[in-house]
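Report on the following structure.
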Amino acid sequence: MKILRYTIAIAGALAALTTANVRADELVIWSRTNGPAEDKALKQIFSEFEAANPGVTIKMETRSVDEHKSALRIAAASKAGPDLYYMWAGLGLGGEFVKAGMSAPVDEYYAKYKWNERLRPLADAYTTLYPPNRHGVPYQLNGEAIYYNKELFKKAGIAQPPQSYDELVAAAAKLKQAGIPAITFGGSVNWHVMRLMDVLLETKCGAKAHDALIAMTVKWSETTCATDAFNEFHKWTSEYTLKPFMSYDQTQSRKLFEANRAAMMLEGDWMANQLRTETKTPQEFGVFAFPTGTDRLYGFGVNFYINPNGKKDLAAKFLDYFVSDKVQQENLGAFGPLGVNKNVAPKNPDVFDKAWFGLFDQYKASFVNGDQGFPLDVTTEYWRIINAVATDTMESGKAAAALQAFIDKRG
Amino acid sequence: MVVVPSDTIVLPRRSWRDGLTSAQAQGWILLAPALAIYAGFALYPMIEVFVLSFQKWNGLSPAREFVGFANYIFIFRDDPVFWMALGNTVIWTALAIVIPPILGFLLALALNQALPGRNALRAVFYLPVVIAPIAVATMWKWMYDPFFGLFSTLLTDIGFQSFIPDWLGNRRIALYSIFAGYVWQHAGFSMVLFLAGLQGVSDSLVEAARMDGASRFQVLRYVILPALRTTTTVVVVLSLIQSLRAFDIVYGMTLGGPAQSTQMLALWAFTQSMQIHDFGRGAAVAVVLLLMTIAVIIPYLLWRARNDKAQGRSA
Amino acid sequence: MSAATAPFRQMGSDRIDPLLVVLWIVLIVLALIWIAPAVFIVSTSLKSTQDVMGGGAFAPPTKVYWQNYASAWERGRFSTTFLNSVIVTFVKVPIGLAFSAMAAYALSRIKLPYGKGFLALFVFGTMLPFQVMLAPLFSVVNGIGAINTFIGLWLPYIAFGVPYQVFILHGFFKEVPEELSEAAIVDGASHFTIFRQVFLPISLPVLAALFILDFVATWNEFAMALVILLNNRNWTLPLALMGFQGEFGSDYGPLNAAIVTTVVPAVVVYLIFQRYFVGGLTAGAVKG
């Protein structure tokens with residue numbers, strides 16, 4: 001086995017040669033693939049920061065979402081990795097990295113730079129999810145809500161966007177009567193149909209029970225509202241959803257929505273951009289929050305986390321520049337519809353900007369997507385059960401018990 | 001056909017100036033690279049699968065905790081997907097050792113006749129074998145597109161619009177939809193092996209049987225089939241091994257969905273390890289599949305060794 | 001049972017056999033069905049989105065839409081991934097084959113302790129499913145710091161390619177008559193020389209067959225690359241195709257152009273070297 005060890009050593013040495021040397025004044029940032037506007041804005045911000053801090057260079061490496069997560073996991077094990085990295089804030093994602101010691105507490109930097117005086121409360125809330133310390137600095141704030149087709153709503157005789165869940169169900173029934181599928185989802189990737197379950201859980205259980213269920217501190221099987229939510233979910237997927245939806249993805253679903261094949265979509269603020277470019281009449285679409293009846297917006301935050309093994313002070317200095325009024329105002333819209341800084345305002349807002357600004361101003365708190373709250377194995381099971389209910393493989397009445405059975409046994 | 005004695009050449013050790021000149025040392029040098037890489041990156045991972053299946057590990061942290069049979073207990077008793085994956089693997093394997101080989105056998109029989117353009121026909125049936133399985137998955141996924149795909153469009157054209165199933169989204173048919181793509185890809189493989197086997201069927205025997213007034217069926221039953229016994233075993237075993245490995249095509253078409261209803265052991269082992277980051281449970285699933293495979297490999301290799309010996313190693 | 005007879009005639013008969021004519025027609029129809037997916041893919045790859053959504057499945061494109069290829073090539077970054085696939089394949093295949101030939105020579109012509117055992121070990125490997133070991137492969141490659149590198153991919157590729165090649169070449173080398181190498185031995189040539197100057201030249205056809213077979217297998221490999229190449233700059237074509245489907249799956253024209261781009265090299269190689277390919281495949285499976 002000596003030969004084997006030598007071979008491995010040689011291969012390892014060769015591999016090491018391909019890794020670039022780390023420069024002392026280089027700030028390395030890892031992120032998932034940027035959108036075009038975001039990419040342009042970041043390059044501008046980097047060069048400004050480099051100009052203001054001679055000798056400093058910023059290097060950003062981007063990967064697709066899954067690779068980004070894998071690369072960070074590998075980095076966590078090898079103590080290598082970036083100085084700063086992009087990560088969704090939920091306990092199942094950012095929380096896991098905090099738990100794994102991949103994030104440096106940022107309380108001292110918050111005190112030093114007084115960040116909370118300029119951060120939007122909704123965004124700031126995502127850095128206090130990990131007591132006892134603060135972790136991460138807000139990078140991006142996203143909301144998810146219902147996009148609807150005004151023309152189809154009119155055709156079905158729906159005068160205005162539903163204000164309550166009952167009104168929403170009534171609207172869906174009217175649409176169905178008019179022969180219009182009320183809502184469309186792409187089912188081939190698990191997390192789009194999941195959104196429907198997430199908001200129904202919030203609707204049926206309210207904020208407190210919703211969070212306890214996601215945190216698994218109460219039993220799903222003993223919480224009746226969870227079963228109510230699954231029953232409602234099944235009603236939606238069996239009666240009000242464009243079919244067949246299990247075998248195509250969300251992009252295909254969006255194309256069908258744009259082609260007036262369904263009246264609603266539960267999507268993120270980012271879809272506004274696609275509607276602007278992919279349709280001739282974006283003003284024919286509107287946005288309203290899913291009427292959960294709680295005072296929370298469905299959505300999630302993204303933080304930049306500081307690697308405790310990296311250049312922490314430099315990273316904090318950059319973040320201070322990034323969340324400054326100047327940078328956030330100049331690059332408004334590049335990182336989600338609005339920045340994380342509360343002192344900035346849009347200049348020429350269109351219909352979508354107005355809608356999203358309204359929502360972000362209206363809500364002071366949010367609840368995150370299920371896959372950002374659960375650990376990975378539970379997420380996988382949550383998806384399986386949701387899809388099983390959606391495809392009539394599992395009775396909705398038994399879903400909560402099935403999920404709880406898995407949670408109890410996971411050990 | 002050359003039959004040579006099995007003695008290997010042994011060089012006399014003529015020089016001791018350099019150890020490298022001894023025949024054995026030279027042999028080791030020639031053998032070492034292949035053996036080292038094979039041992040390090042094929043055999044060692046195989047052993048590692050067994051070791052991991054008794055540990056709890058997230059794939060990265062330095063600590064690996066020994067947990068005994070906990071992973072096995074979990075997958076056998078508590079995992080809601082494992083039995084589904086095992087069942088699908090068994091169904092898939094049962095179909096895969098019957099349908100592509102039979103199709104391949106019939107094609108081989110037909111394409112062994114004196115027919116114009118039979119080489120081109122053979123090439124057509126064999127072509128899918130060289131296409132990347134992941135590309136086959138992508139192709140078929142597109143053909144199954146519920147709105148614009150080949151099958152839906154064809155059904156619409158002949159007026160069967162309302163009968164269009166959700167090929168990959170309906171849990172009752174999704175597995176078989178994927179399998180159709182698998183048959184398309186693999187029938188040619190069996191065909192080629194059977195064609196090679198048919199070369200070994202003695203012409204004169206067939207002719208003699210026919211002279212004696214044997215019907216086509218009788219020739220097939222009493223002359224051709226017996227001569228193809230070895231080939232058939234080989235085809236079935238290779239089909240079995242291939243079917244246990246099915247990964248790319250499921251990954252590409254459904255990723256195991258909807259609701260894990262097309263999940264199979266190889267993919268579930270991957271999902272547990274690489275996506276849920278539970279290497280222990282993933283390894284336990286892998287061990288089940290590995291043992292199933294080894295249970296086929298070992299008897300088969302022994303059978304082949306015996307067979308080769310019986311045939312006097314004639315090539 | 002090779003048919004050297006004229007078409008549509010049974011062996012030893014000069015009458016046209018009507019059943020064979022029927023069989024032939026059935027085969028033609030079946031072949032058309034078999035090739036239909038390929039035709040559908042190629043034709044879609046040349047259609048604009050409107051054509052795809054509007055026309056029938058096999059309707060020819062109203063206007064040939066070559067832009068799909070440019071679009072797929074650019075958005076899927078196929079110039080990078082195509083080059084990656086070329087590098088991965090053209091380094092792995094020759095090196096792997098060389099190692100296999102060396103090992104096969106050593107095991108067939110030199111008396112080594114446990115030689116038979118090593119051979120059995122390799123033969124065992126011919127059927128070992130690497131799909132089962134993706135996770136440990138990841139951790140082994142990660143252990144030598146070679147995740148995201150081609151070295152990290154070449155090593156397991158070679159490891160799983162070697163057994164079949166050793167098995168085939170061992171069978172071939174064993175049958176080489178002793179006289180061929182005796183003269184060289186008398187001249188005092190080393191095994192290295194005999195291997196290079198006697199065995200390699202005479203085994204060229206086998207090597208060619210194995211080369212083609214391995215080329216296609218390596219070009220098409222997906223699962224191992226999936227766990228080892230995490231960075232899309234290192235992706236090979238199968239990974240890029242999968243990524244393209246995930247990102248642009250509803251742009252049907254470019255998607256099908258991407259499929260064609262991925263598949264064509266292997267198909268071309270197969271069509272050119274068909275004879276070798278089938279030979280290499282059947283050599284190990286059916287010794288008849």
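These numbers come from the heavy atoms of this one structure, side chains and all, not from hydrogens, waters or symmetry mates. The sequence lines fix the lettering, A, B, ..., with proteins before strands; numbering per chain opens at 1.
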For B:Ile276 versus A:Asp377, what's the shortest heavy-atom pair and its separation?
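Distance-wise, the nearest heavy atoms are CG2-CB, 3.4 Å.
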Distance, nearest 0.5 Å, that separates [atom1] of [X] from [atom2] of [Y]:
X: A:Asp392; Y: B:Asn170; atom1: CG; atom2: CG; answer: 9.5 Å
X: B:Arg171; Y: A:Thr391; atom1: CZ; atom2: OG1; answer: 6.0 Å
X: B:Asp79; Y: A:Lys409; atom1: CG; atom2: NZ; answer: 9.5 Å
X: A:Leu242; Y: B:Phe147; atom1: CG; atom2: CZ; answer: 5.0 Å
X: B:Arg281; Y: A:Arg410; atom1: CZ; atom2: CZ; answer: 8.0 Å

With a cut-off of 6.0 Å (strictly less than), are more than 12 heavy atoms of other residues, nucleotides or ligands near [atom1] of [X]?
X: B:Phe76; atom1: CZ; answer: yes
X: A:Glu395; atom1: CD; answer: no
X: B:Trp28; atom1: CH2; answer: yes

Most heavy-atom pairs under 4.5 angstrom with chain A, which of [options]?
options: B:Pro146, B:Pro165, B:Ala174; answer: B:Pro146
options: B:His277, B:Gln275, B:Gln260; answer: B:His277
options: B:Ala70, B:Ser261, B:Gly169, B:Pro33; answer: B:Gly169

Please look at A:Ile386 and chain B and tell me whether the side chain, the backbone, both or neither of the residue comes under 4.5 angstrom of a heavy atom of that chain.
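Neither part; nothing is under 4.5 Å.
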Test item: A:Arg384 side-chain N/O and B:Pro258 main-chain N/O as donor-acceptor pair under 3.5 Å:
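Absent.
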Chain B: which of A:Thr393, A:Thr380, A:Asn387 shares the most heavy-atom pairs with it under 4.5 Å?
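Highest number of pairs under 4.5 Å: A:Thr393.
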Under 4.5 Å between any side-chain heavy atoms of A:Ser247 and B:Tyr144, yes or no?
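Heavy-atom side-chain distance check fails, nothing below 4.5 Å.
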Please classify the contact of B:Asp78 with chain A as side chain, backbone, both or neither, using a heavy-atom distance under 4.5 Å.
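Its backbone and side chain both get close to chain A.
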Does a donor on one side chain sit under 3.5 Å from an acceptor on the other, for B:Asp145 and A:Gln252?
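A donor-acceptor contact under 3.5 Å links the two side chains.
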